[in-house]
2 protein chains.
Amino acid sequence: MKTAQRILDTAAGLFNERGERNVSASDVALELDISPGNLYYHFKGKDGILSALFLSFYRDIAGMLATPIADTDFLETSAPLERSWLFLTVIMEAMYAHRFFYLNMTDLMQRYPDIDRGMRRLMSLKRRASRALASELLAPVDITAQPQRLDHIADSMTMTLSYWLSFDQWMTPSEHPQQVIHRGVLQILSHCAPYLGDQAADFYHECELINARLLDAGSA
Amino acid sequence: MKTAQRILDTAAGLFNERGERNVSASDVALELDISPGNLYYHFKGKDGILSALFLSFYRDIAGMLATPIADTDFLETSAPLERSWLFLTVIMEAMYAHRFFYLNMTDLMQRYPDIDRGMRRLMSLKRRASRALASELLAPVDITAQPQRLDHIADSMTMTLSYWLSFDQWMTPSEHPQQVIHRGVLQILSHCAPYLGDQAADFYHECELINARLLDAGSA
DNA sequence: GTCTATACTGTGATAGAC
DNA sequence: GTCTATCACAGTATAGAC
């Protein structure tokens with residue numbers, strides 16, 4: 001692997017682990033067994049690393065979020081709940097790999113205007129996607145009659161998607177990433193459950209089934 | 001006012017405004033027009049200031065959260081929804097005054113074991129309080145039959161209470177604190193709304209009334 | 001209690017040899 | 001592309017005069 005890419009990967013790992021602000025460019029160089037000067041040849045210091053990391057993160061997430069859920073050809077199922085589940089899982093996995101952007105969000109947004117703009121844009125994409133998911137899941141109960149209700153649900157889903165990794169971290173610390181993501185996806189989707197009335201029990205039951213299937217596939 | 005207290009107030013203000021990590025002990029001294037040496041006479045550096053700030057914040061919030069909602073004699077009403085509303089408003093106001101503890105939570109918890117322990121404890125108190133609020137508000141629809149549902153609701157309320165100030169900041173930036181808090185309280189309580197069925201509309205309507213009354217009282 | 005002086009530390013950054 | 005050597009600086013902390 002190229003040195004430049006190794007620097008990015010190592011930096012992201014350290015940022016996730018220790019917090020972005022507690023990792024210096026020299027730390028990254030030390031971890032990689034290269035000299036600080038060498039690192040500065042590839043990137044203009046920590047700022048350069050952060051810019052590069054955020055750019056690729058943004059493209060990654062924004063690309064997934066912007067794709068209308070109906071067009072997600074990579075999700076090989078037509079069941080609404082399962083499609084939503086997979087969609088959110090893929091996104092949360094990408095977020096987990098760069099979770100320091102969320103754990104240290106305020107600080108990063110205050111210091112880097114680019115990250116500020118990008119995160120706001122992502123937020124708005126998340127909201128749109130949440131709204132689409134909720135519309136689809138709640139189609140049977142016809143909630144579209146009350147649009148402001150749908151907004152409330154979408155806001156709750158967006159907030160959960162954005163802060164779950166942080167919230168979960170100090171609720172149940174040190175756990176397998178898969179478990180964290182699983183519970184996050186469930187928590188997001190469960191904002192729709194109460195509106196399903198009698199079908200809510202089925203909803204939760206089906207979520208468990210989907211997750212069990214996914215874990216099997218993952219370990220196979 | 002004593003110098004020690006002025007240091008604490010000024011520090012909290014700067015932390016809220018610029019982010020805790022972007023404010024040095026010298027910045028606080030500069031803002032107060034005192035010398036850095038003078039500041040170090042009163043507190044053992046920035047760590048000392050943070051410890052003192054957190055201790056008083058913790059006592060403040062924990063005291064309110066630990067009081068069973070039924071015993072809150074300072075809330076001069078017996079209507080469940082209004083009591084909940086006032087209860088949450090008071091707490092969120094205290095949180096707002098020290099919002100940097102939440103905006104920079106991960107970093108502070110990583111660096112200060114005391115803050116880590118304290119925030120976890122506060123979280124667990126918030127959960128308990130949320131559960132009590134939900135139980136009371138949902139008493140008419142008898143949700144107690146499904147305890148895990150109640151846990152889900154309490155988790156959502158706890159999460160909203162903890163992250164609302166951060167979430168709202170980059171949704172609708174630069175607004176009056178009262179508005180931010182108002183929307184936060186509404187968002188927390190609205191996790192109970194869908195379970196109220198036909199009474200949900202009344203619920204939202206009553207929230208608006210309570211808030212209007214509160215704003216009147218505040219400006220009078 | 002408050003000040004000025006100063007010293008120590010870690011980080012960010014660069015020049016120039018290999 | 002990679003290295004060593006070195007610099008500038010901000011933030012932290014202390015000693016001692018007033």
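Proteins get letters first, then strands, A, B, ... in listed order; numbering begins at 1 in each. Quick caveat: nothing in here was measured; it's all calculated off a predicted structure.
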When rounded to whole Å, the CZ to P distance for the pair Arg21(A) and dG10(C) reads 17 Å

Between CG of Asn22(B) and P of dG11(D) the distance, given in whole Å, is 10 Å

Are any of Asn38(A)'s side-chain N or O atoms less than 4.0 Å away from OP1 or OP2 of dC3(D)?
yes

Answer yes or no: is there an ion pair linking Arg117(B) with Asp114(B), defined by an N-O contact shorter than 4.0 Å?
-> yes

> Are any of the side-chain nitrogens in Arg213(A) or Glu208(A) under 4.0 Å away from the carboxylate oxygens of its partner?
Replying inline: no

Is Arg131(A) paired with Asp151(A) through a side-chain N to carboxylate O contact shorter than 4.0 Å? yes

| task | Report yes if a side-chain nitrogen or oxygen of Thr3(B) is closer than 4.0 Å to either non-bridging phosphate oxygen (OP1 or OP2) of dG1(C); otherwise report no. | result | no

Here the distance between atom P of dT4(C) and atom CG of Leu30(B), to the nearest Å, is 12 Å

Picking from dT12(D), dG12(C), dT2(D), the nucleotide nearest the side-chain atoms of Ser24(A) would be dG12(C)

dC3(D) -> Watson-Crick or G-U wobble partner, both distances under 3.5 Å, gives dG16(C)

Students often get this wrong, so: under 4.0 angstrom with heavy atoms, is Gly37(A) touching a base, only sugar-phosphate, or nothing? base

Atom CD of Glu20(B) and atom P of dG11(D) are separated, to the nearest Å, by 13 Å

Classified by glycosidic angle (syn within 90° of 0, else anti), dA8(D) comes out anti

Lys46(B) NZ to dG11(D) P, in whole Å, measures 9 Å

Here the distance between atom C1' of dT11(C) and atom CD1 of Ile49(A), to the nearest Å, is 13 Å

With the side chain defined as heavy atoms from C-beta on, Ala25(A) is closest, among dT2(D), dG12(C), dC3(C), to dG12(C)

Separation of dT2(C) atom C1' from Asp33(B) atom CG, nearest Å, is 13 Å

Winner on side-chain proximity to Tyr40(A), out of dT14(C), dC3(D), dT14(D), is dT14(C)

* Asked: Under 4.0 Å between a side-chain N/O of Ser26(A) and OP1 or OP2 of dG10(C), yes or no?
  -> no

Between Tyr41(B) and dG1(C), is there a side-chain N or O to OP1/OP2 distance below 4.0 Å? yes

ask   = If only atom types and distance count, is the side chain of Thr67(B) paired as donor or acceptor with the main-chain N or O of Gly63(B) below 3.5 Å?
value = yes

Ile34(B) atom CD1 is separated from dG1(C) atom P, nearest whole Å, by 12 Å

Report yes or no: do Asn104(A) and Arg99(A) form a side-chain donor-acceptor pair below 3.5 Å?
no

Of the listed dT2(D), dT12(D), dT4(D), the closest approach to the Ser35(A) side chain comes from dT4(D)

